[in-house]
Number of protein chains: 2
Amino acid sequence: MPRWKPGAVDRLQTAALELFDEQGFERTTVAEIVQRAGLTQRTFFNHFADKREVLFGLSSELQREIIGEIAAADAALPPLEVVMRALGAVADKLLEHRRAVVAHRYAVIAANPELMERELGKNAALTDAIAAALRERGGDADAAYLAASVAMLAEQVAFRAWTRPDETRALRDLLQDALHAVRTTVDAADRPLPA
Amino acid sequence: MPRWKPGAVDRLQTAALELFDEQGFERTTVAEIVQRAGLTQRTFFNHFADKREVLFGLSSELQREIIGEIAAADAALPPLEVVMRALGAVADKLLEHRRAVVAHRYAVIAANPELMERELGKNAALTDAIAAALRERGGDADAAYLAASVAMLAEQVAFRAWTRPDETRALRDLLQDALHAVRTTVDAADRPLPA
DNA sequence: GTCATGATTACACAAGATGCAATCACTTCA
DNA sequence: TGAAGTGATTGCATCTTGTGTAATCATGAC
């Protein structure tokens, strides 16, 4: 028989999500999580850098896919369009078919400021990674960062809509709408500031 | 004579900034900070919710001013323009004349991921506050959030430029440039995604 | 059969953070 | 004048997160 039950990471993630759901993030201790998962505290911190990280297993996979899409993109497209296509493709591939579980986890994150800070940090890291991938294709560094930032803004707006219970459209379509809404907003206000 | 030396908060902020500068945020303990400031740990945590918060004294003041500007704005202007004017005014009033110290503090923040997460959290909170202030003026909630987000993106782009050592333009002008750059970026890419 | 690997564990400990009660100069007000 | 209340600071105990280090021992390679 195996020395340990397999799937330690999964068990920790599941136990943590359950407990955060039941009693909130702050009122849940790592001791409780590892007890439910049948492991020790030291093992928890071997797998996750800190208590928050247990909720963010998906982000590295997402980032890898997005960067891959950008690297494979048509060299002639403008940077923002490259990123929008990449986000759309990854939405279809990794997010769309598990809306319920993704939305559930996001609800837990949004309910706690510490977790929200981590979420924002992940988004910022992804923005930087996208900008770096755009620079790989050649092009101005500032333009790359700007395209990455605008795309991530659209992604965020779309994601917030997508996780609302009454929303039925696909994330890809919401993404398109969000970018268009950004354009409308900006076009109406880009004129010189008064002195 | 007074029972305690006045300016406890100031002394803590100054000591913390010095120490973070000298040896980094992580390698500085609260014990060291309070020792330099001539106070106790308990007092530190009476004034600041956690160790990071000691660096963010300016944010609440900034937020108050920005919200005030928005509340006093011309009712006929489009939301994004309202926010851009408010950010420009507050940049002139609170930021422009102390570029060196603001840039210095930002450098300390940017050097540490934990502090950067807090910075992102503050920006997100400010975005939400701006959106709420726009809603006060009447108008769609989504449009308010969008205008707030776009303005904060421009602010962030402008701020990053403004804190570069070789940059000499005023934050207000960089803000204007940033919004225009956003517009150019978006206009070039807002068309339907391919299936 | 021996050996290296690697996930898990035990233990000790630093550091951050909180609750609670005590101190005592200063202010208020009868 | 003096009694009472205020509020910033402190001391102490305690909980929780996070880390360094060494030990354990099934598994797989050779």
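Lettering follows sequence order; numbering is per chain, from 1. Both backbone and side-chain heavy atoms feed into the values below; hydrogens, waters and symmetry mates do not.
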Would you say C/dA7 has OP1 or OP2 under 4.0 Å from some side-chain N or O of A/H47?
no
When the distance from CZ of A/R118 to C1' of D/dT17 is rounded to whole Å, what number comes out?
13 Å
Side-chain donor/acceptor contact of B/R42 with base of C/dG19 under 3.5 Å:
yes
Any salt bridge linking A/E69 with A/K93? Criterion: basic side-chain nitrogen under 4.0 Å from a carboxylate oxygen.
no
What contact category does B/N46 fall into here, base, sugar-phosphate, or nothing, at under 4.0 angstrom with non-hydrogen atoms?
base
Taken to the nearest whole Å, NZ/A/K51 to P/D/dG18 is 8 Å
Taking the side chain of B/W4 as its heavy atoms from C-beta onward, which of D/dT17, D/dT10, D/dA8 lies nearest to it?
D/dA8
Exercise answer: donor-acceptor pairs, residues 101-109 of chain B side-chain atoms, under 3.5 Å, sequence neighbours excluded:
from, atom 1, to, atom 2, distance (Å)
B/H104, NE2, B/D21, OD1, 3.3
B/H104, NE2, B/D21, OD2, 2.7
B/R105, NH1, B/L55, O, 3.4

Whole angstrom is fine here: how far is it from CD in B/Q41 over to C1' in D/dT9?
14 Å
Grab the CZ-C1' distance between A/F48 and D/dT19 for me, whole Å please.
17 Å
To the nearest angstrom, the CZ-C1' distance between A/F25 and D/dT17 comes to 10 Å
How many angstroms lie between CZ in B/R172 and CG in B/L95, if you round to the nearest 0.5 Å?
12.5 Å
How is the base pairing of DNA chain C summarised as a dot-bracket string, given the Watson-Crick and G-U wobble criteria with both distances under 3.5 Å, [ ] for crossing and | for another strand?
||||||||||||||||||||||||||||||
Between B/K5 (NZ) and C/dC26 (C1'), how many Å, whole number?
20 Å
Does B/K51 make a cation-pi contact with B/F44, if we ask for NZ or CZ under 6.0 Å from the ring centre and within 45° of the axis?
no
Between B/E32 and B/R36, is there a salt bridge with N-O shorter than 4.0 Å?
no
Nearest to the B/A8 side chain among D/dT10, D/dT9, C/dT18, which nucleotide is it?
D/dT9
Nucleotide C/dG16, atom C1' - distance to CZ of A/R52 in whole Å:
12 Å
Round to a whole Å and report the spacing from CZ of B/F45 to C1' of D/dC15.
13 Å
OP1, OP2 of D/dT10 versus side-chain N and O of B/T43: anything below 4.0 Å?
yes
Can a salt bridge be assigned to the pair A/E117 and B/R52 using a cut-off of 4.0 Å between side-chain N and carboxylate O?
yes
Do any side-chain atoms of residues 158-169 of chain A form donor-acceptor pairs under 3.5 angstrom with protein atoms, and if so which ones, sequence neighbours left out?
from, atom 1, to, atom 2, distance (Å)
A/R160, NH1, B/Y145, OH, 3.3
A/W162, NE1, A/E96, OE2, 3.4
A/T163, OG1, A/F159, O, 3.1
A/T163, OG1, A/R160, O, 3.1
A/E167, OE1, A/R169, NH2, 3.3
A/E167, OE2, A/R169, N, 2.9
A/E167, OE2, A/R169, NE, 3.1
A/R169, NH1, A/D177, OD2, 2.9

